[in-house]
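Below is one structure, written out as structure tokens; the observations come after it.
Just so it is clear, the structure is predicted and the values come from calculations on it, not from any experiment. Numbers restart at 1 for each chain; the letters A, B, ... are given by sequence-line order, proteins then strands.
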Number of protein chains: 2
Amino acid sequence: MAKATRKKKDPDASAEEKILSAARVVFTRNGYAATTVRDIAAEADLNFSLVNYYFRSKEKLYDLVMKDAIRQLLYSIKYLLDEPQTTPQEKIDLLCVRWIDMLLEHPDLPLFVMNGVANSSNDITKELVENNVFLTSYFVKQLMELHGKGKLKIAPLHLVMNLVSMLSLPFVARHLLLKTGAVDMKMFRAMMEERKTHIPGWIKLMM
Amino acid sequence: MAKATRKKKDPDASAEEKILSAARVVFTRNGYAATTVRDIAAEADLNFSLVNYYFRSKEKLYDLVMKDAIRQLLYSIKYLLDEPQTTPQEKIDLLCVRWIDMLLEHPDLPLFVMNGVANSSNDITKELVENNVFLTSYFVKQLMELHGKGKLKIAPLHLVMNLVSMLSLPFVARHLLLKTGAVDMKMFRAMMEERKTHIPGWIKLMM
DNA sequence: CTATTTTTTGAACAATTGTTTAATACATTT
DNA sequence: AAATGTATTAAACAATTGTTCAAAAAATAG
């Protein structure tokens, strides 16, 4: 095994890493079924047998990429939601900036993950449950407490739903917006920048 | 040609129709690439050569299904948005009920269409542009007029984005909610029923 | 009934798929 | 240097894919 022992140095970016990031690109763009092992190798500019050499199978490689995608989507805000010192409102402010920044860098992530979940193996579902960021977070506990005292109009689950919806659906529907000519890329980015501050405002109206 | 001339009567549900609705089921569940012509025929309980006999190719059949899906998603609210007699607020009330009812019957439609658009042919993009329901609607004209007069705080495009987001993302993320155990099917339906009236309320707060 | 058209079937096809294997090239160690 | 372990390659594989085609079956028309 090369991967496990790792006695050698990495020559520049190692073949293994080149394949992994190529897989990220191709899987994210085309999905699992429409992606071939040869596509990935071509993107990495390597012989296609190396994919199986380093990752054993297409499916194992996909699971790796999908798990990373889920972590990227959820972990980037996890500690933020569990911070005991900040108010729910402050959490919302930070969350929106943090998440939109991340999504602007990886705009295809939400659709990719939604598809991964829809046709998921147990392995991937497990990754999701273990990182069930929102519902087990201190953020939701705070909201439930406020809701219980009558100091929060909206049900916490609806609030979270609205927050995630307004943040991520524009990215899910990004290609639709672009291809219909509703917006161009520059305008899309500008609107997402606006939403960093607008969404917290709208959410607070609901609270 | 059988399809074009149609001299015969339809024996019960014709083979052609059985294939089309089977294709809807399988394509919507598994996507284009993961669907085989043999899967569709099996779902329709027919010989798999009939798929090509009636629809010439897998891709043409998919385009049919996708176009129908887009129409179902957009046409169900098109005339509603172009009604000159109703106020924007009334349109929003009706839209939310109408759309959530439709999505509860076809919950996989949004994710299916988003994927179709992301990897779309020109043919499908055309269908979208021609049914560009929102941005060319009288609804948006009304909003822009109000916004121009300073009688509408939120920018119309953000309003439409928020409306569509809060309505459709829960369906896109439906499998995630169910598989993580955040909600069960009964609770999901109940929440969507609540959102029929809540979303208009939240949107109006933003206006 | 006979003739004709339409529908259905099963076999065959070439292409593409993921995976394996054996040989070769390269790097490291002794 | 030789020996050993690792990385890379090309070829081959069995399976699956969409599509075609000719024959059989069923339905319709004359």
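Figure legend: A:K58 and A:Y32 shown as a cation-pi pair, the cationic atom lying under 6.0 angstrom from the six-membered ring centre and within 45 degrees of its axis.
Regarding B:L61, its CG atom lies at a distance of 11 Å from the P atom of D:dG18, rounded to whole Å. To the nearest angstrom, C1' of D:dA7 lies 11 Å from CG of A:L46. Counting to the nearest Å, the C1' atom of C:dT16 and the CZ atom of B:R38 are 13 Å from each other. Atom CZ in A:R56 sits roughly 12 Å away from atom P in C:dT21 (whole-Å rounding). In this structure, A:K60 atom NZ and C:dG18 atom P are separated by 15 Å, rounded to whole Å. What separates CG of B:L50 from P of C:dT8 is a distance of 5 Å, to the nearest Å. As a whole-Å value, the separation of A:Y53 OH from C:dA23 P is 17 Å. The nearest whole Å value for the distance from the CD1 atom in A:I40 to the C1' atom in C:dT17 is 13 Å.
If you check D:dT19, C:dG10, C:dT19 against the side chain of B:F48, the one that comes closest is D:dT19. The A:Y54 side chain lies nearest to D:dT8 when the options are D:dT8, C:dT19, D:dT19. For A:N52, taking side-chain heavy atoms from C-beta onward, the closest of the listed nucleotides D:dT8, C:dT20, D:dT19 is C:dT20. Out of D:dA12, D:dT8, C:dG10, the shortest distance to the side chain of B:S49 is found at C:dG10. The side chain of A:N47 lies closest to D:dT9, out of D:dT19, D:dT9, D:dA12.
Two rings, from A:F55 and A:Y62, have their centers 6.0 Å or more apart.
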Derivation of the salt bridge (charged side-chain N to carboxylate O under 4.0 Å, His left out) call for B:R71 and B:D68 | CA-CA 5 Å; B:R71 288 199 199 102; B:D68 277 0; 3.0 Å; yes
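Within the 4.0 angstrom heavy-atom criterion, only backbone atoms of the sugar-phosphate kind lie near B:T36; the bases stay farther away.
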Would you list the atom pairs, donor with acceptor, under 3.5 Å between side chains in residues 102-113 of chain A and any protein atom, with sequence neighbours excluded?
{"unit_1": "A:H106", "atom_1": "NE2", "unit_2": "A:Q72", "atom_2": "NE2", "d": "3.2"}
{"unit_1": "A:D108", "atom_1": "OD1", "unit_2": "A:R174", "atom_2": "NH1", "d": "2.8"}

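Looking at B:M206 and B:H158, their side chains never come closer than 4.5 Å, going by heavy atoms from C-beta outward.
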